[in-house]
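Worksheet for the structure shown next.
Naming: A, B, ... by sequence-line order, numbering from 1 per chain.
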Amino acid sequence: MESVFQCFQRGYGNGDGYALSDTLSPIPPESQPDRLNNFFRSTNFANVKRDFKQALLRNSEVGMSEEEYNGWVEVYVAYWKAVGELLAADAAPKSNSKAAWTKTYDAWKELTSVLHRGYSNHGFPSWTLPCLYVAGKFLRIFAIKADEATPTSMSAVTSFGDDLNPDAEKNEKLEDAARQLNRIFNLCLSDREPNLALSRKWGIYYTTNLLLKTYFKLNQIGLSKNILNAIRAYKGDMPLLDKFPASQQVTYKYYIGVICFLEENYVEAENNLTEAWNKCHKDAIRNKELILTYLIPCHLLTTHTLPTLALLSPYPRLQKLFLPLSRCIKKGDLSGFDTALVAGEDEFVKRRIYLTLERGRDIALRNLLRKVFIAGGFEEPKEPGAASVRKTRIPVAEFGAAISIGSKETMDNDEVECLLANMIYKNLMKGYIARDRATVVLSKGGAFPGTGV
Amino acid sequence: MSSAPTTSASKAEKGTAEGTQKEVKPAAALEEDDEFEDFPVENWTKEETEVPDTSTHLWEESWDDDDTSEDFSAQLKEELKKVEASKKR
């Protein structure tokens, strides 16, 4: 017990919120693997409040108000109870793990509420906000643990009885955690403290990120909108994002990028993801991999560019994900593209990038048509020495033949024309179709915009 | 169309694979596989981000002109003949 409160005093004395928050961690520091055990055994249910009152009094800084002091005592009593449940859950046999983790979640939720009250009623200063971060972070983790733990055989039997909606309870605790996190979000956002330096608004992005993560896990991404609208409404009244710690900036930009991506707003998505990419810590390989998972399809659609081998080399998983498609796009290999898309379908769907990648087929087709154009060669020069000009009149049948390479079916000219008209409409190809002559007349100045021919 | 049965089959396979996996290690991982991870540190400087190396290109054009176009035009001619032959039939 003493060591926890000594850390509290040190953190509080230095005004170091993160050091202070370490005293509320459910994971013991490496140097003291037994801290949770010792802390829990240092007192008992009958005496915990009295003991902590004395310990905090001995340790606490002079100048902390009576009100705030009482608030912290409540916090550590709630923490002590939660630690008790956590130790029990860690030791619980598998048959009982669901109940044990549910209790841990409930106890941790109580700690979170007590902390929340600390800020709303007991005047906790805003520099101690990292305590709230730790509470929120593990609230989410314990909720997931409780939801994922297998129920005891007894409750499994009862749930078989009425399985009308087996998913309803699947995320019960995590949905509850989302509501608690939302309360924390509002606690931070609605702070009326006029001095921004002392405002709880500094907690906004950490809590927002936790919420977004939770909504993604729950597959309720639509709910993010409420949060983002609320942030937008307070924008003028809040510290700028780039004043926040880099980890919060990168996480926020990643989630905003993915949300834009899912709304098919690829330009915004690319901007946000690029920023996340540029600011990401260089050793955070997994996170960089996740950023690229969405940034690569964005690039394909916005600028029609592909990742180089140099970019992909540290990420074998991304190579597996994107290289087969990339190769087919480059070669203009349509049937290869289709095969690669089917082969990767499960993974693409899981990552929510299938529909976007499917649109890459246009680029593959553009490259194929471009090859037909280049293979057509040049016009006979009208006079010697004149600059050579590519043949710009190309029979529809030639494009049709190119499209049917590799696939067993041939396409009607009508169908081919339809594809070509689409390419022209999307500005991937410039020209017109002379239907009476079954010929495509391509633009002499840049038949395939942006590709050098 | 022909791909549909294979896809659903592979999905079913995956379902069972996931099921067995869950039994083997119940909720061992705290964080889900595709979740953005917490950074080990809260803040860092520009120096600790990837230094953009100007000599390596990260993005490249989507087409490939090195692909010998001789081969392609031969292939194209072959295909044209095939298409025409099939139409006459």
Side-chain angles (χ1 to χ4, degrees), chain A residues 18 94 97 137 141 144-145 148-150 213 216-217 245-248 250-251 254-255 277-284 286-288 290 299-300 303-308 310-311 329-332 342 345-346 350-351 363 366-367 370-372 374-375 377 397-398 400-402 404-405 410 451, chain B residues 2-4 6-7 10-11 13-14 22-23 26-53 55-67 69-84 86-87:
Chain A
Y18 286 100
K94 210 178 153 192
S97 80
K137 174 179 165 180
I141 290 173
I144 294 171
K145 278 218 152 200
E148 281 178 354
T150 7
K213 233 181 200 184
F216 269 73
K217 172 100 184 163
S247 59
Q248 297 179 23
V250 172
T251 308
Y254 167 78
Y255 279 109
W277 169 260
N278 287 337
K279 284 189 176 157
C280 192
H281 195 284
K282 62 179 187 307
D283 299 332
R286 178 71 188 123
N287 283 345
K288 297 185 85 169
L290 283 168
H299 263 261
L300 178 60
T303 57
H304 306 157
T305 49
L306 294 170
T308 59
L311 175 57
I329 290 173
K330 272 184 142 181
K331 275 171 36 194
V342 169
E345 184 178 328
D346 283 352
K350 203 172 131 208
R351 309 260 166 233
I363 311 302
R366 192 271 313 269
N367 292 342
R370 187 175 171 276
K371 273 165 85 173
V372 176
I374 288 172
E398 258 183 56
S404 67
I405 289 178
T410 54
T451 70
Chain B
S2 62
S3 67
T6 22
T7 325
S10 70
K11 259 183 199 147
E13 259 172 45
K14 219 180 140 198
K22 242 174 214 158
E23 272 171 39
L30 280 184
E31 297 286 356
E32 217 206 7
D33 172 41
D34 62 344
E35 204 158 77
F36 207 69
E37 289 174 354
D38 288 331
F39 290 97
V41 284
E42 184 67 11
N43 209 355
W44 54 84
T45 59
K46 252 200 175 120
E47 286 67 42
E48 287 165 283
T49 60
E50 195 86 68
V51 189
D53 182 356
S55 63
T56 45
H57 292 288
L58 300 182
W59 304 97
E60 61 188 5
E61 298 300 354
S62 65
W63 65 88
D64 188 3
D65 280 339
D66 298 336
D67 197 17
S69 60
E70 291 287 307
D71 285 358
F72 179 72
S73 44
Q75 209 184 347
L76 186 61
K77 265 179 205 145
E78 195 65 25
E79 189 71 26
L80 259 175
K81 265 187 232 158
K82 246 196 276 173
V83 171
E84 270 156 28
S86 73
K87 272 183 185 156

How far does [atom1] of [X] sit from [atom2] of [Y], to the nearest 0.5 angstrom?
X         : Y         : atom1 : atom2 : answer
Ile329(A) : Asp64(B)  : CD1   : CG    : 12.5 Å
Asp38(B)  : Lys137(A) : CG    : NZ    : 4.5 Å
Phe39(B)  : Arg286(A) : CZ    : CZ    : 12.5 Å
Arg366(A) : Ser62(B)  : CZ    : OG    : 4.5 Å
Trp59(B)  : Leu311(A) : CH2   : CG    : 5.5 Å
Trp44(B)  : Ser247(A) : CH2   : OG    : 5.0 Å

| field | side-chain hydrogen bond (donor to acceptor under 3.5 Å, both in side chains) partner of Glu50(B), the single match among His281(A), Lys288(A), Lys279(A) | value | Lys288(A)
| request: Considering only heavy atoms and a distance below 4.5 Å, find which of Glu398(A), His299(A), His304(A) pairs most often with chain B. | output: His299(A)
| remark: Highest number of heavy-atom pairs under 4.5 Å with chain B among Ala310(A), Ala284(A), Cys280(A) belongs to Cys280(A)
| message | side-chain contact (heavy atoms from CB on, under 4.5 Å) for Asn278(A) and Thr49(B)? Distances and angles first, verdict last. | response | CA-CA 7 Å; Asn278(A) 287 337; Thr49(B) 60; over 6 Å; no
Could you report the tightest heavy-atom contact between [X] and [Y], atom names first, then the distance?
X         : Y         : value
His57(B)  : Thr308(A) : O-OG1, 2.6 Å
Ser404(A) : Glu79(B)  : OG-OE2, 2.9 Å
Trp63(B)  : Asn367(A) : CB-OD1, 3.5 Å
Phe72(B)  : Ala402(A) : CZ-CB, 4.4 Å

| query | Among Lys77(B), Glu61(B), Gln75(B), which residue forms the greatest number of heavy-atom pairs with chain A at distances under 4.5 Å? | reply | Gln75(B)
| Among Val41(B), Leu58(B), Asn43(B), which has the most heavy-atom pairs under 4.5 Å with chain A? | Leu58(B)
| Should we say atom NZ of Lys282(A) is surrounded by more than 12 heavy atoms from elsewhere, each under 6.0 Å from it? | yes
| said: Given heavy-atom pairs under 4.5 angstrom as the criterion, report whether the side chain, backbone, both or neither of Ile405(A) touches chain B. | reply: both
| message | Please classify the contact of Phe216(A) with chain B as side chain, backbone, both or neither, using a heavy-atom distance under 4.5 Å. | response | neither
| said: Over 60° means perpendicular and under 30° means parallel, so tell me whether Tyr254(A) and Phe36(B) are parallel, tilted or perpendicular. | reply: parallel
| Between Glu60(B) and Thr305(A), do the side chains contain an N or O donor and an N or O acceptor separated by less than 3.5 Å? | no
| message | Quick one, Glu37(B) with Thr251(A), criterion side-chain contact (heavy atoms from CB on, under 4.5 Å). Give me CA distance, side-chain angles, the key distance, then yes/no. | response | CA-CA 9 Å; Glu37(B) 289 174 354; Thr251(A) 308; over 6 Å; no
